[in-house]
Amino acid sequence: MRVLLTGGCGFIGANFVRHVLAQREDLELVNLDALTYAGNPANLADLADHPRYRFIKGDVADRVAAAEAVRGCQAVVHMAAESHVDRSIEGPAEFIRTNVVGTQVLLDAARDAGVSRFVLVSTDEVYGSLGPTGYFTETTPLAPSSPYSASKAAADLLALAYHHTFGFPAIVTRCSNNYGPYQFPEKLIPLFITNADANRPLPLYGDGRNVRDWIHVEDHVRGLLAVLDRGRPGEVYNIGGGNERTNLEITQTILAALGKPASLITFVADRLGHDRRYAIDATKTRGELGWRPTIDFKEGVAATVRWYLEHRTWWEEIKSGAYRDYYERMYGDRLRRAPADRT
Ligand code: NAD
Ligand code: DAU
């Protein structure tokens, strides 16, 4: 089967391509990616000539590019997106264009092409924020809080509406926070590993007690393939690792793994509208699709720290480019204003 993957040069996409080409001889991949700041050809450079892989540089919101890319494909896994909450607070427009308009354009192209499955990679953030107890299930009402999660909720609901209205074979996945190799160093875990390695401050938002439910990217990729293979059109599947940790706990784990001092922790002004807690109930996906996460959190984080230490050139190149302006805009004032004695 030939599958159109969108956003394959990003973090989850690169891990998806690597997994499929190594383990799924029955699948060919066409990767449509616009190569935004988050799309890095270096992530897949060694696979560029693989016989079951083809790369197309293009924008999912471009009708012609989307139609050309999906031609000859029997299925779509759509994960191209603007993915960073902080950037969506700084400028929501690109999130609406790519995540909402791009999804609508791709849904139309895939409908015209008559694909037999369309997996929309949504996120647990569409559910909004939890209190100290409880879990997100697939029937939890959507209550997104950031421009990012609102744009993802729009895409998620559009896919389900195409199923309801046109009988289009869309399936939606909602996964919790991923970690692992190739994650862009704007996100918590790679940012803190690479900053700690350079003895730079770790800017922890608010009181550091916000909770995320972490899953290794490889387990997410296996979940997406289970949905592609066996998911039912029109259904939603939660994917989560069952590893709830406060951001402070994550920070301490990273510092311990690198042998760095707690004095690097710097509490800074909170993210606007910061969701307090996410936690996924993946009972449906486990029961119906026979999927379960396999990577132990402690071992997964240790392996991830090792990966970043062994791939310095990969992230040093990113952090020395346009990323520096972003970091100054996002963190410069907050770090300068951080009280010295809050650790
Ligand atoms: P990422 O930011 O690392 O990668 C996004 C990719 O999409 C990049 O390669 C980028 O070039 C590409 N892209 C962006 N705009 C595009 C456009 N207009 N046309 C074509 N390509 C475009 O993101 P990620 O962390 O790998 O996330 C992938 C998907 O998974 C996203 O849809 C995200 O919402 C979802 N998700 C992520 C997580 C997580 O923890 N990272 C968890 C749940 C769901
Ligand atoms: O839950 C799934 C989502 O997880 C995905 O849909 C998003 O694409 C992905 O980016 C991620 O969103 P988060 O906002 O949870 O991830 P991030 O790594 O940005 O932040 C994780 C937590 O760490 C969050 O509570 C904010 C906090 N944080 C983050 C950064 C970057 C800090 O305290 N300091 C920081 O510098």
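Keep in mind the model is a prediction, meaning the values are calculated, not measured. Order of listing sets the numbers, starting from 1, for every ligand and every atom in it.
- Not a single heavy atom of Ala14 sits less than 4.0 Å from an atom of ligand 1.
- Scanning all heavy atoms of the two residues, the minimum distance from Asp197 to Lys260 falls at O-NZ, 3.7 Å.
- Each of the atoms 1 (O), 2 (C), 4 (O), 11 (C), 12 (O), 13 (P), 15 (O), 16 (O) of ligand 2 lies under 4.0 Å from some heavy atom of Asn177.
- Side-chain rings of Tyr37 and Phe184 approach one another, their centers coming within less than 6.0 Å.
- Close contacts between ligand 1 and Ala81 involve ligand atoms 5 (C), 7 (O), 14 (C), 31 (C), 32 (O) [criterion: under 4.0 Å to a heavy atom].
- For atom 20 (O) of ligand 2, the nearest protein heavy atom (residue, atom name, distance) is Arg271 NH2, 3.8 Å.
- For Tyr205 and Phe267, the ring centers are positioned 6.0 Å apart or more.
- Among protein heavy atoms, atom 29 (C) of ligand 1 sits closest to Met79 O, 3.2 Å.
- Of the charged side-chain nitrogens involved, at least one lies within less than 4.0 Å of a carboxylate oxygen, so that Glu235 and Lys284 count as a salt-bridged pair.
- For Tyr37, the closest heavy-atom approach to ligand 1 does not fall below 4.0 Å.
- Only the backbone of Leu35 comes within 4.0 Å of ligand 1, judged by heavy-atom distances.
- Partner of His78 under the side-chain contact (heavy atoms from CB on, under 4.5 Å) criterion, chosen from Leu5, Leu107, Thr103, Val121: Thr103.
- Under a 4.0 angstrom heavy-atom cut-off, Lys152 registers as lying outside contact with ligand 2.
- No salt bridge links Lys57 with Asp33; every basic N to acidic carboxylate O contact stays at or beyond 4.0 Å.
- Note on Asp112 versus Arg63: no salt bridge recorded, every NZ/NE/NH1/NH2 to OD/OE distance being 4.0 Å or above.
- Contact annotation: for His84 versus ligand 1, there are no heavy atoms closer than 4.0 Å.
- Under 4.0 angstrom from ligand 2, the non-hydrogen atoms of Leu191 all belong to its side chain.
- When all heavy atoms of Val221 and Asn15 are compared, the closest pair comes out as CG2-C, 4.0 Å.
- Within ligand 2, the atoms closer than 4.0 Å to a non-hydrogen atom of Val85 are 14 (O), numbered from 1 in the order shown.
- Between Glu186 and Arg87, at least one side-chain N (NZ, or NE/NH1/NH2) sits under 4.0 Å from a carboxylate O, which counts as a salt bridge.
- At the top of the distance list for atom 41 (N) of ligand 1, counting protein heavy atoms only, stands Ile12 CD1, 3.7 Å.
- A salt bridge links Asp207 with Arg276: the closest approach of a Lys/Arg side-chain nitrogen to an acidic carboxylate oxygen falls below 4.0 angstrom.
- Counting only heavy atoms from C-beta outward, the side chains of Asp86 and Arg271 approach each other to under 4.5 Å.
- Inter-residue side-chain proximity for Leu106 and Thr6 is flagged as met; some heavy-atom pair is nearer than 4.5 Å.
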Applying side-chain contact (heavy atoms from CB on, under 4.5 Å), run through Lys152 and Glu125 and close with a yes or a no.
CA-CA 8 Å; Lys152 290 295 290 185; Glu125 297 206 11; over 6 Å; no
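- Of all atoms in ligand 2, listed by their number and element, those nearer than 4.0 Å to a heavy atom of Leu204 are 33 (O).
- Across all non-hydrogen atoms, the minimal contact from Tyr135 to Thr140 is O-OG1, 4.1 Å.
- Across Leu32, Leu106, Val121, Asp33, heavy-atom proximity to atom 35 (C) of ligand 1 is greatest for Val121.
- With ligand atoms numbered from 1 in the order given, ligand 2 contributes 30 (C), 31 (C), 35 (C), 36 (O) to contacts under 4.0 Å with heavy atoms of Tyr331.
- The nearest non-hydrogen atom to atom 7 (C) of ligand 2, considering only Ser83, Gly206, Ser122, comes from Ser83.
- Counting the atoms of ligand 1 from 1 in the order shown, those under 4.0 Å from a heavy atom of Tyr148 are 33 (C), 34 (O).
- We find that Asp59 and Arg97 are joined by a salt bridge, their nearest charged nitrogen and carboxylate oxygen being less than 4.0 Å apart.
- Taking the ring axis of Tyr327 as reference, the NZ or CZ atom of Arg200 stays within 45° of it and closer than 6.0 Å to the ring centre.
- The shortest separation from a heavy atom of Asn177 to ligand 1 is under 4.0 Å, placing the residue in contact.
- For the pair Arg24 and Tyr53, the NZ or CZ position fails the cation-pi test of under 6.0 Å to the six-membered ring centre and within 45 degrees of the ring normal.
- Each of the atoms 19 (O) of ligand 2 lies under 4.0 Å from some heavy atom of His84.
- The protein heavy atom nearest to atom 18 (O) of ligand 2 is Leu188 N, 2.8 Å.
- Considering only heavy atoms from C-beta on, Arg232 comes within 4.5 Å of Glu288 through its side chain.
- Atom numbering of ligand 1 starts at 1 in the shown order; those under 4.0 Å from a heavy atom of Asp59 are 17 (C), 18 (N), 19 (N).
- For His274, the closest heavy-atom approach to ligand 2 falls below 4.0 Å.
- Geometrically, Arg111 engages Phe166 in a cation-pi contact, judged by NZ or CZ lying under 6.0 Å from the ring centre and within 45° of the ring axis.
- Protein heavy atom at the shortest distance from atom 12 (O) of ligand 2 is Glu125 OE2, 2.7 Å.
- Considering only non-hydrogen protein atoms, atom 22 (C) of ligand 1 sits nearest to Ala80 CB, 3.7 Å.
- Checked against a 6.0 Å centroid threshold, the rings of Trp307 and Trp314 count as neighbours.
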One pair to check against side-chain contact (heavy atoms from CB on, under 4.5 Å): Glu94 and Thr36. What are the steps and the verdict?
CA-CA 11 Å; Glu94 198 55 26; Thr36 67; over 6 Å; no
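- Nearest protein neighbour of atom 1 (O) of ligand 2, counting heavy atoms only, is Asp124 OD1, 2.5 Å.
- Ligand-side atoms of ligand 1 in range of Ser83: 1 (P), 2 (O), 23 (O), range being under 4.0 angstrom from any heavy atom.
- Atoms of ligand 2 lying under 4.0 Å from at least one heavy atom of Glu186, given by number and element, are 31 (C).
- Under the 4.0 angstrom criterion for non-hydrogen atoms, Gly8 is not in contact with ligand 1.
- Atom numbering of ligand 2 starts at 1 in the shown order; those under 4.0 Å from a heavy atom of Lys187 are 10 (O), 18 (O).
- Counting only non-hydrogen atoms, the option in Thr266, Asn247, Thr251 that gets closest to atom 23 (O) of ligand 2 is Asn247.
- Protein heavy atom closest to atom 20 (C) of ligand 1, with residue, atom name and distance, is Ala34 N, 3.2 Å.
- Of all protein heavy atoms, the one closest to atom 5 (C) of ligand 2 is Tyr148 OH, 3.5 Å.
- Closest to atom 34 (N) of ligand 2, if we only count protein heavy atoms, is Pro203 O, 2.8 Å.
- Each of the following atoms of ligand 1 lies closer than 4.0 Å to a heavy atom of Gly58: 19 (N), 20 (C).
- Of the protein's heavy atoms, Phe11 N, 3.1 Å lies nearest to atom 3 (O) of ligand 1.
- Closest to atom 35 (C) of ligand 2, if we only count protein heavy atoms, is Tyr205 CZ, 3.4 Å.
- Using a 4.0 Å cut-off between heavy atoms, Ala61 makes no contact with ligand 1 at all.
- Of all the atoms in ligand 1, the ones that sit under 4.0 Å from a non-hydrogen atom of Gly10 are 3 (O), 4 (O), 8 (C), 9 (O).
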